[in-house]
Structure formats: structure tokens, C-alpha cells
Engineer: 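Quick one: this structure, given as C-alpha cells, is what I'll be asking you about.
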Amino acid sequence: MIRLYDTLSGEIRPLELRDPGKVSLYACGPTVYDHPHLGHARQAFTYDIVRRYLEWSGLEVHHVANVTDIDDNIINRANREGSTEPEVAKVWKAVYDKAIFDDLGMLRPHDRPHATEYVQEMVDFIQTLVDNGSAYANDSGVYLRVHAVEDYGGQVHRTLDDLREGAGARVEVDGNKEDPLDFALWKAAKPGEPSWPSPWGDGRPGWHIECVAMSLDVLGDGFDLHGGGTDLVFPHHTNERAEAIAAGREFARHWMHNAMLNIGGEKMSKSLGNFTTIQALLDEHPLNGRALRLLLLQTHYRKTMEINADVMAQARGAIERLDAMARKADGAGLDLADAPLDDAAVAAFREAMDDDMGTPEAVATIFETVRRANAALDAEDPAAPSLVATVFDLAGALGIAIGTAEEADGDDEIDGLVAARTAAREAKDFAEADRLRDELMARGIVVEDTPNGPVWHRA
RNA sequence: GCGCCGGUGCCCGAGCGGCCCAAGGGAACGGCCUGCAAAGCCGUACAGUCGCGGGUUCAAAUCCCGCCCGGCGCUCCA
């Protein structure tokens with residue numbers, strides 16, 4: 001049974017599905033107006049792992065992630081560049097997609113609704129709220145009456161009064177609102193901004209209504225799981241939930257939130273300007289994409305973590321250990337196709353993952369299996385194929401590719417040098433053998449001798 | 001200020017009442033293997049005050065109280 005920490009109830013509880021065997025997952029997607037950074041990667045990655053594990057467990061997952069293609073940041077960028085909002089969104093969505101899906105290997109969500117394609121549904125939703133008295137319109141827009149929503153601050157464990165105190169202290173109270181906590185469902189058009197028609201005048205949708213309209217439309221009422229970064233708990237998710245409740249709709253059954261990424265002890269964010277883009281990390285080292293995934297897996301998703309050059313190097317070392325096992329297994333010519341998985345390792349892996357996505361322990365299980373596999377390989381133990389196959393299967397369940405950093409086959413020149421070295425060694429001409437090894441090393445090639453002959457790979 | 005979450009070895013990081021003299025990864029050291037290496041395996045040293053101080057319990061890294069330090073949220077944010 002899979003158990004997950006639920007932000008609303010504040011406890012780890014079983015993932016109870018609306019439809020047995022099927023999981024409906026909505027993970028907040030990006031606002032596309034700039035380079036995605038490592039924080040975005042952690043967010044996308046968290047739900048990529050959730051999906052992969054649920055699927056590995058035999059469940060059918062419907063994964064939805066929105067694309068916010070209209071908001072203040074996009075408008076600002078379009079104005080600054082003399083471009084248009086659709087153009088800005090298109091360009092940066094492509095950059096996001098390449099980094100997240102192509103380079104980092106995340107699975108593409110099954111549906112990716114765009115905000116601008118859902119304006120009519122949002123208007124309809126707001127109409128429902130206005131009709132039932134949950135919302136009110138004025139010159140600046142349409143607002144939700146927050147005080148009417150039961151347990152409004154449930155996700156942040158605050159009462160309305162607590163929240164009002166914070167709101168009054170930190171931000172200017174908008175005189176158009178009945179209550180400082182009320183928030184915009186619809187923003188009246190300002191000159192020069194894109195707008196859509198509505199019963200309350202031209203304007204554009206507020207931030208939260210987008211996710212409510214799209215998640216309920218694509219996944220239906222009472223969908224299973226809604227996720228995002230912890231910084232979205234308030235106000236974004238709190239307000240999404242308030243809108244759904246006010247409309248009398250059944251919303252997400254389970255809420256999960258991944259922790260932030262720190263850099264130099266502070267949250268990595270656009271506003272602080274202390275972010276590393278995914279592209280910059282990838283450019284730094286060919287192993288960094290896979291190393292980032294492993295590093296993220298080695299820390300629990302609900303724990304704030306630090307990313308720096310030092311921990312990236314450590315993660316690369318771990319990836320190399322995985323690849324080395326794959327080379328050794330490849331050199332031994334094992335037949336993995338029919339090898340049964342190792343029951344003990346699979347059970348330990350499943351137990352760790354079932355308990356609120358315990359990826360650090362799941363990874364520990366994989367590495368223990370790597371050690372057992374290496375030992376079996378060295379001893380030519382018949383259990384070797386099973387252990388190696390288990391490593392590949394479990395790593396694959398978490399999206400960790402092994403031994404795919406480069407294609408070692410098909411380079412005749414390198415193969416020739418390696419063969420020459422082997423001949424020299426057989427002739428006991430070790431000076432020549434070492435010279436050839438140094439020459440290969442200078443080309444970035446590392447040769448490893450195994451009982452089954454040499455194998456080589458790029459450093 | 002209010003709310004939430006953390007502080008575990010040289011580094012990263014699990015564990016959250018007994019299986020812990022504390023997983024896994026990285027780095028280090030010794031042995032085996034190797035012509036020598038690399039990779040691998042075996043072993044060792046690192047945590048003996050698991051931020052600090054009290055308490056509960058037969059039993060606490062794990063629960064409770066207080067304190068110190070750090071992070072996040074309090075309507076831009078993944």
C-alpha cells in the first residue's frame with residue numbers, strides 16, 4: 001500500500017484512489033517566460049518520480065501539468081522585448097521542454113493544458129461563484145469571499161484571523177476588496193495588456209482559477225493527487241482549494257509539496273537571482289544530468305537541500321559506480337533477459353518507496369544490490385544475472401539510466417589501440433602496453449581489464 | 001511578529017521509541033585481485049554528547065518542555 005504525506009491533513013496516509021488502479025495526478029507546471037532553473041527541475045522531477053513509481057507498481061497514471069502562458073511576467077517580457085505574449089510563451093516553453101524532457105529525461109505529462117486555451121472554462125467557473133454568492137465583482141475585477149470558505153487556511157494551519165494579520169501587516173490593503181484576504185478571480189483589463197471578454201468586462205483570469213478550471217476539467221471532480229513546490233501552498237493552492245469548495249466541487253483528495261532548493265543557504269529563486277539554470281549545469285559536465293537525478297533521489301523530496309559543485313561531483317562518482325557495474329556485466333556477457341529479479345532487493349525497494357516516496361533508502365537498496373552484483377560477477381556466481389537485472393530494473397523505476405553516458409562500441413580507432421595494448425601485454429611488453437594506455441588516457445579513454453578481456457569507456 | 005520545517009561522521013544524507021555501538025553515496029586508509037594500474041571485493045578509521053539543557057520511559061537520534069542556530073511561508077515564486 002502506497003502512503004504519502006498529505007499537506008492538508010499534515011500526516012502520512014494511504015493514497016486512496018477515486019478509481020481503483022488509476023491515479024489522477026495534477027502537478028503545477030511552469031510559467032514560461034525565462035530559463036528554467038534547478039528549482040524547477042526539482043519540482044518536475046518530484047512528480048516524475050511519483051509517476052514512474054506508481055506506474056512501476058502497476059497503476060495507470062493520468063499525469064497533467066499546466067502551462068501558464070499568460071501572467072505579469074510574460075506581459076512584462078513581451079513589452080520589454082517589443083514582442084507579444086504568445087511569442088514569449090512559445091519561445092520559453094520550448095526552452096523548458098528541451099531542458100526538462102529531452103535533457104533531464106522527465107516523462108512528458110499526458111496532458112498539458114494552456115491557460116489561454118481555458119479562458120472560457122474559467123469564466124464559466126467564476127460565473128458559478130458569482131451566482132452562488134461566493135464572489136463579487138467591482139471595477140477592478142471579481143473577487144472570492146474567503147470568509148465563506150470553511151477551513152480556508154487548512155493547508156497552512158492558520159485561522160482567518162491569523163492570515164488577516166499577516167495580510168494587513170505585509171501588503172497594502174486593496175480598498176476594492178471586502179476583506180483583505182479576498183483574492184482576484186478575474187482582473188479587469190489594463191491598457192496595453194491582453195484581455196478576454198467576460199460578463200464583468202474585458203480582463204484576464206487570476207492565477208489560481210487557471211489550475212482549478214483545468215484540473216477539474218481534465219481529471220474530473222475528486223481527482224487523486226495535486227502537487228507543487230512548498231512555496232505554492234499559500235496562496236496558490238490554498239486559493240485553488242477555496243475556489244473549488246466555494247463552487248461546491250470536490251477537489252484534490254491528496255496534496256503533496258516538494259521542498260525548496262537552497263544555494264548558499266538561501267532559497268534558489270528568480271526573485272533573489274541566485275539560481276543556476278538547468279542548461280548551465282548540463283554544460284558543466286556530461287554526467288550532470290544523471291548525477292542531478294541521483295542527487296535529488298538521495299535526499300527526501302520534503303527536505304530542503306543544497307546544491308553546489310561539491311555535491312554534484314559526489315553524485316557523479318556514484319553514477320560512475322553504476323556504470324562500472326554495467327561495463328563489468330556487459331564484459332561478462334550475461335543474459336539478463338530471463339533473469340528473475342532478486343526478491344529481497346525488490347521487497348526492500350518497494351517498502352522504502354511505499355513509505356512516502358522513500359527514495360534515499362530505495363537508492364541505498366540499489367547500491368547494496370550493486371555491491372552484491374559485483375561480488376557475484378567477480379566470483380562467477382550464477383546469481384549474477386539476477387542481481388544485475390535487479391539493479392537495472394529498480395534504477396529504471398526511478399528513471400536512472402545506467403551505462404548510457406556514451407556509446408563505447410563502434411570506434412575502430414580506439415578499438416585498435418586497445419587491441420594493440422592487449423597484444424603487447426600478451427607479449428609481456430609492458431612498456432609498450434603502458435604507453436598505449438597513456439595514449440588512450442590522453443584521449444580521455446579509460447581501459448579496465450576484466451577476466452573477459454579489456455573494456456573501455458570515456459572518462 | 002505569527003505559522004511550518006530542519007540541525008546526524010571529513011562531506012552529502014537515511015533513520016523518527018527497542019532490529020542503531022546509526023543505511024547508502026562521496027572522500028580517506030589497509031588487504032585481496034592486477035605485470036603495474038583501473039574497476040571490483042573484503043576490511044578499517046571516522047557519529048560513542050545524533051545542536052544545547054532538562055524531562056517521560058524498562059528502553060530515545062527517535063516522544064515532551066525550554067533554549068540556540070538555519071531555512072521556508074505570510075498574496076512574484078517550483
Side-chain angles (χ1 to χ4, degrees), chain A residues 7 10 27-31 36-47 71-73 153 156-159 161-167 169-171 174 180-184 207-208 227-236 238-239 257-262 265-272 294-295 298-300 302-308 310-321 323-325 327-328 331 352 358-368 370-371 373-379 425 428-430 433-434 437 441 446-451 454-457:
Chain A
T7 309
C28 279
T31 299
H37 60 65
L38 265 26
H40 298 102
R42 187 178 197 187
Q43 193 275 147
F45 170 82
T46 299
Y47 304 100
D71 92 317
D72 289 344
N73 292 306
V156 282
H157 315 288
R158 313 295 306 278
T159 65
D161 285 343
D162 290 340
L163 290 165
R164 271 194 199 99
E165 205 174 298
R170 294 238 333 173
V171 297
D174 181 345
L181 291 181
D182 290 351
F183 61 88
W207 178 23
H208 324 299
T230 53
D231 54 351
L232 296 184
V233 177
F234 191 90
H236 187 48
T238 294
N239 287 349
H257 293 94
N258 58 282
M260 298 293 98
L261 220 52
N262 275 187
E266 276 187 314
K267 173 185 164 185
M268 179 181 291
S269 71
K270 299 292 291 187
S271 44
L272 288 173
L294 185 64
L295 183 60
Q298 285 180 312
T299 303
H300 189 84
R302 283 194 289 118
K303 179 165 176 170
T304 304
M305 69 180 290
E306 181 90 19
I307 289 207
N308 54 46
D310 198 36
V311 297
M312 283 306 301
Q314 293 181 189
R316 267 183 251 127
I319 286 288
E320 281 168 11
R321 179 165 158 78
D323 287 352
M325 184 213 71
R327 286 194 299 274
K328 189 193 277 260
T359 56
E361 287 185 283
V363 169
T365 296
I366 291 173
F367 277 100
E368 278 173 39
V370 167
R371 179 179 50 73
N374 277 322
L377 250 9
D378 284 348
R425 290 182 68 219
K428 300 269 193 268
D429 183 356
F430 296 122
D434 289 350
R437 187 166 64 197
M441 186 71 87
V446 177
V447 184
E448 293 165 352
D449 293 322
T450 79
V455 294
W456 61 268
H457 68 103

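The chains referred to below are lettered A, B, ... by the order of the sequence lines, with proteins before strands, and numbering in each begins at 1.
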Engineer: Heavy atoms only, 4.0 Å cut-off, all strands: where does A/His236 land among base, sugar-phosphate and nothing?
Structural biologist: nothing
Engineer: Roughly how many Å is it from CD in A/Gln314 to P in B/C10, rounded to a whole number?
Structural biologist: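 About 14 Å, once rounded to whole Å.
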Engineer: Measure the acute angle between the ring planes of A/Phe183 and A/His208, then classify it against the limits of 30° and 60° as parallel, tilted or perpendicular.
Structural biologist: perpendicular
Engineer: Look at the side chain of A/Asp449 against the base of B/A37 and say whether a donor-acceptor pair falls under 3.5 Å; ignore hydrogens and angles.
Structural biologist: yes
Engineer: Tell me what A/Val233 touches on the nucleic acid: a base, only sugar-phosphate, or nothing, going by heavy atoms under 4.0 Å.
Structural biologist: nothing
Engineer: Would the base of B/C76 count as contacting A/Lys270 through its side chain, where contact means a donor and an acceptor less than 3.5 Å apart?
Structural biologist: no
Engineer: Using atom CG of A/Asp231 as one end and atom C1' of B/G71 as the other, report the distance to the nearest whole Å.
Structural biologist: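 Rounding to the nearest Å, CG of A/Asp231 and C1' of B/G71 are 13 Å apart.
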Engineer: Between B/A61 and B/G9, how far apart are the two C1' atoms, rounded to whole Å?
Structural biologist: 13 Å
Engineer: Between B/C29 and B/G1, how far apart are the P atoms? Round to whole Å, please.
Structural biologist: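 Here B/G1 and B/C29 have their P atoms 48 Å from each other.
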Engineer: Checking contacts here: which listed nucleotide (B/A37, B/G71, B/A78) is nearest the side-chain heavy atoms of A/Leu232?
Structural biologist: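 Nearest listed nucleotide: B/A78.
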Engineer: Could you check whether any side-chain heavy atom of A/His457 comes within less than 4.5 Å of a side-chain heavy atom of A/Glu448, counting everything from C-beta outward?
Structural biologist: yes
Engineer: Could you tell me the separation between the CZ atom of A/Phe367 and the P atom of B/G40, rounded to a whole number of Å?
Structural biologist: 11 Å
Engineer: Taking only the P atom of each, what is the distance from B/U62 to B/U49 in whole angstrom?
Structural biologist: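 My reading of the P atoms in B/U62 and B/U49 gives 15 Å.
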Engineer: Send over the distance from A/Arg371 CZ to B/G25 C1', rounded to a whole Å.
Structural biologist: 13 Å
Engineer: Can you find an N or O donor on one side and an acceptor on the other, under 3.5 Å apart, linking the side chain of A/Arg437 with the base of B/A38?
Structural biologist: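 A donor-acceptor contact between them is absent.
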Engineer: Between A/Asn262 and A/Thr299, who's closer to the 5' end of RNA chain B by nearest nucleotide?
Structural biologist: A/Thr299
Engineer: Are there runs of at least three consecutive Watson-Crick or G-U pairs touching RNA chain B, with each pair's two distances under 3.5 angstrom? Give them by first number.
Structural biologist: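 Stem list for RNA chain B: B:1-7 with B:68-74, B:10-12 with B:24-26, B:28-32 with B:40-44, B:51-55 with B:63-67.
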Engineer: Which nucleotide wins on minimum distance to the side chain of A/Asn73, given the candidates B/A37, B/C76, B/C72?
Structural biologist: B/C76
Engineer: Report the distance from atom CE of A/Met305 to atom C1' of B/A78, rounded to the nearest whole Å.
Structural biologist: 14 Å
Engineer: Pick base, sugar-phosphate or nothing for A/Gly265, based on heavy-atom distances below 4.0 Å to the nucleic acid.
Structural biologist: sugar-phosphate
Engineer: Which nucleotide wins on minimum distance to the side chain of A/Asp378, given the candidates B/G40, B/G3, B/A78?
Structural biologist: B/G40
Engineer: Using the C1' atoms only, state how far B/C58 lies from B/A39, rounded to an integer number of Å.
Structural biologist: 50 Å
Engineer: Could you work out, with salt bridge (Lys or Arg N to Asp or Glu O under 4.0 Å) as the rule, every residue matching A/Arg42, not counting sequence neighbours?
Structural biologist: none
Engineer: Which is true for A/Val447 with a 4.0 Å heavy-atom rule: it touches a base, it touches only sugar-phosphate, or it touches nothing?
Structural biologist: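 The answer is base, as A/Val447 lies within the cut-off (heavy atoms under 4.0 Å) of a base atom.
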Engineer: If we take the P atom in both B/G35 and B/G51, what is their distance in whole Å?
Structural biologist: 49 Å
Engineer: Would you say A/Trp456 places a side-chain N or O within less than 4.0 Å of OP1 or OP2 belonging to B/A38?
Structural biologist: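 The answer is no; no side-chain N or O of A/Trp456 sits under 4.0 Å from OP1 or OP2.
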Engineer: Which nucleotide sits closest to the side chain of A/Arg42: B/G25, B/A78, B/C76?
Structural biologist: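 The answer is B/A78.
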Engineer: Tell me which nucleotide among B/G24, B/C72, B/A14 gets nearest to the side chain of A/Glu368.
Structural biologist: B/G24
Engineer: Go through the steps to decide whether A/Met312 and A/Arg316 satisfy the test side chain to side chain contact (heavy atoms under 4.5 Å, CB included), and finish with yes or no.
Structural biologist: CA-CA 6 Å; A/Met312 283 306 301; A/Arg316 267 183 251 127; 4.0 Å; yes
Engineer: Can you tell me the distance, in whole Å, between the CZ atom of A/Arg302 and the C1' atom of B/G7?
Structural biologist: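 Checked: the CZ to C1' distance equals 17 Å.
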Engineer: How is A/Asp310 classified with respect to the nucleic acid when contacts are heavy atoms under 4.0 Å: base, sugar-phosphate, or nothing?
Structural biologist: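 Sugar-phosphate: the residue A/Asp310, judged by heavy atoms under 4.0 Å, touches backbone atoms but no base.
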Engineer: Establish, with yes or no, whether the OP1 or OP2 oxygen of B/A14 is under 4.0 angstrom from a side-chain nitrogen or oxygen of A/Lys303.
Structural biologist: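 Result: yes.
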Engineer: What is the distance, rounded to the nearest whole Å, between atom CG of A/Leu295 and atom C1' of B/C11?
Structural biologist: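 Atom CG in A/Leu295 sits about 12 Å away from atom C1' in B/C11.
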Engineer: How far does the P atom of B/U8 sit from the matching atom of B/G13, given to the nearest Å?
Structural biologist: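 Nearest-Å result for B/U8 against B/G13 at atom P: 9 Å.
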Engineer: Would you classify A/Pro360 as touching base, sugar-phosphate or nothing, given that sugar-phosphate means primed atoms plus P, OP1 and OP2, and contacts are heavy atoms under 4.0 Å?
Structural biologist: base
Engineer: If you find the nucleotide of RNA chain B closest to A/Leu294 and the one closest to A/Ala324, which residue's nucleotide is nearer the 5' end?
Structural biologist: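 Counting from the 5' end, the first nearest nucleotide belongs to A/Leu294.
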Engineer: Could you grab the distance from atom CG of A/Leu38 to atom CG of A/Asn262, nearest 0.5 Å is fine?
Structural biologist: 12.0 Å
Engineer: Check the geometry between A/Phe430 and B/G35 and answer yes if their rings are stacked (centres below 5.5 Å, planes below 30°), otherwise no.
Structural biologist: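 Check passed, A/Phe430 stacks on base of B/G35.
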Engineer: Looking only at side chains, do A/Asn308 and A/Asp310 share a donor and an acceptor under 3.5 Å apart?
Structural biologist: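 Short answer, no.
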Engineer: Can you tell me if A/Arg321 touches the phosphate of B/G25, counting only side-chain N or O atoms and a distance under 4.0 Å to OP1 or OP2?
Structural biologist: yes
Engineer: What's the CG-P distance between A/Leu261 and B/G70, to the nearest Å?
Structural biologist: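 Rounding to the nearest Å, CG of A/Leu261 and P of B/G70 are 20 Å apart.
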Engineer: Within the structure shown, what part of the strands sits under 4.0 Å from A/Met268 by heavy-atom distance: base, sugar-phosphate, or nothing?
Structural biologist: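 Base, at least one base atom sits under 4.0 Å.
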Engineer: Only one of A/Asp231, A/Thr230, A/Thr304 passes side-chain contact (heavy atoms from CB on, under 4.5 Å) with A/Lys267; say which it is.
Structural biologist: A/Asp231
Engineer: Name the closest nucleotide to the A/Ala364 side chain, picking from B/G40, B/C72, B/G24.
Structural biologist: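 Comparing B/G40, B/C72, B/G24 against the side chain of A/Ala364, the answer is B/G24.
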Engineer: For B/G40 and B/G26, measure between their P atoms and round to the nearest Å.
Structural biologist: 8 Å
Engineer: What are the two closest heavy atoms between A/His300 and A/Gly358, and how far apart are they?
Structural biologist: ND1-CA, 4.3 Å
Engineer: Closest approach to the side chain of A/His40, judged atom by atom: which nucleotide of B/A78, B/G40, B/G15 is it?
Structural biologist: B/A78
Engineer: Between the side chain of A/Gln298 and the main-chain N/O of A/Val363, is any donor-acceptor distance below 3.5 Å?
Structural biologist: no
Engineer: Is it the case that the side chain of A/Tyr47 and the backbone of A/Gly227 share a donor-acceptor pair, with hydrogens and angles ignored and the cut-off at 3.5 Å?
Structural biologist: no
Engineer: Would A/Leu261 and A/Met305 count as a side chain to side chain contact (heavy atoms under 4.5 Å, CB included) here? Give the steps.
Structural biologist: CA-CA 5 Å; A/Leu261 220 52; A/Met305 69 180 290; 3.4 Å; yes
Engineer: In whole Å, measure the gap between the P atoms of B/G54 and B/A60 for me.
Structural biologist: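 Each nucleotide's P atom is 15 Å from the other's.
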Engineer: Taking the side chain of A/Ser271 as heavy atoms from C-beta outward, which of B/G3, B/C77, B/A78 is closest to it?
Structural biologist: B/C77
Engineer: Would you mind classifying the nucleic acid contact of A/Glu320 as base, sugar-phosphate or nothing, using non-hydrogen atoms under 4.0 angstrom?
Structural biologist: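 Result for A/Glu320 = nothing.
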Engineer: With heavy atoms under 4.0 Å as the rule, sort A/Asn258 into base, sugar-phosphate or nothing.
Structural biologist: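 Base contact - A/Asn258 has a heavy atom under 4.0 Å of at least one base atom.
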Engineer: Output the single nucleotide from B/C76, B/G25, B/C72 whose closest atom is nearest the side chain of A/Ala318.
Structural biologist: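 The nucleotide sitting nearest to the side chain is B/G25.
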